[in-house]
Amino acid sequence: MFTKTRNVLVASVAALSLAVGATGVASAHSSHDKLSIHYNGDGFDGAIKSSRARCLSNRTVQVHSSKGRVLYTDTTETDGSWSTGNSGRARGKFYATVNAKGACLPLVSPTISVP
């Protein structure tokens, strides 16, 4: 079940994507950018996938609880990867967001469940 906060965030990202696309500021490649999130047993990690190298590095990733609360943050490496390190045991549903950077749009990951 999605929370109101996540729905508002997703709607905002979608509206921004449409607005930027309509003005021609972002290239067609931006619509294919993705943000992944995984739980590795003691922390979260993932990566930005983009055909544009400038959209990978030095972007702030936030890991959110299903209620929208920011739990962890990290900055992406040059290859787009990120990790919260050993942040401990987690349970529940989580998703990640990444900030906009220049012509690179903000992204929202799928929601994952950690039993």
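Because only heavy atoms are used, hydrogens play no part in the values below, and waters and symmetry mates are left out as well, while side chains stay in. The residues of the chain are indexed from 1 along the displayed sequence. Please read these numbers as outputs of a predicted model, since none were measured by experiment.
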Stepwise, does the side-chain contact (heavy atoms from CB on, under 4.5 Å) test hold for L105 with D33?
CA-CA 8 Å; L105 298 175; D33 292 357; over 6 Å; no

Any residue meeting side chain to side chain donor-acceptor pair (under 3.5 Å) with S87, in chain and number order, not counting sequence neighbours
T84

With distance as the sole test, does K101 use its side chain to make a donor-acceptor pair with the main-chain N or O of S57 at under 3.5 Å?
yes

Please name the pair of heavy atoms, one in F44 and one in A90, separated by the smallest distance, quoted to 0.1 Å.
CZ-CB, 4.0 Å

Look only at the side chain of T111 and the backbone of Y95, and say whether a donor-acceptor pair between them is shorter than 3.5 Å.
no

How about T60 and W82: do any of their side-chain heavy atoms sit closer than 4.5 Å?
no

Residue set satisfying side chain to side chain contact (heavy atoms under 4.5 Å, CB included) with L71, at least two apart, ordered chain then number -> S65, R69, F94

Residue pairs involving residues 71-80 (criterion side-chain hydrogen bond (donor to acceptor under 3.5 Å, both in side chains); sequence neighbours excluded):
D79-S81

Using side-chain contact (heavy atoms from CB on, under 4.5 Å), reason through R89 and V114 one step at a time and then give a plain yes or no.
CA-CA 9 Å; R89 185 78 181 124; V114 179; 4.3 Å; yes

Considering all heavy atoms, the nearest N40-D45 contact
ND2-OD2, 2.9 Å

Contact summary for C104 and R59, nearest pair of heavy atoms
CB-NH1, 3.7 Å

Would you give the length of the straight line joining atom OG of S109 to atom CD1 of I48, rounded to the nearest 0.5 angstrom?
11.0 Å

Decide side-chain contact (heavy atoms from CB on, under 4.5 Å) for Y39 and V63; before the verdict, give the C-alpha distance in whole Å, the side-chain angles of both, and the deciding distance to 0.1 Å.
CA-CA 11 Å; Y39 181 70; V63 176; over 6 Å; no

Pair H64-T97, side-chain donor/acceptor within less than 3.5 Å:
yes

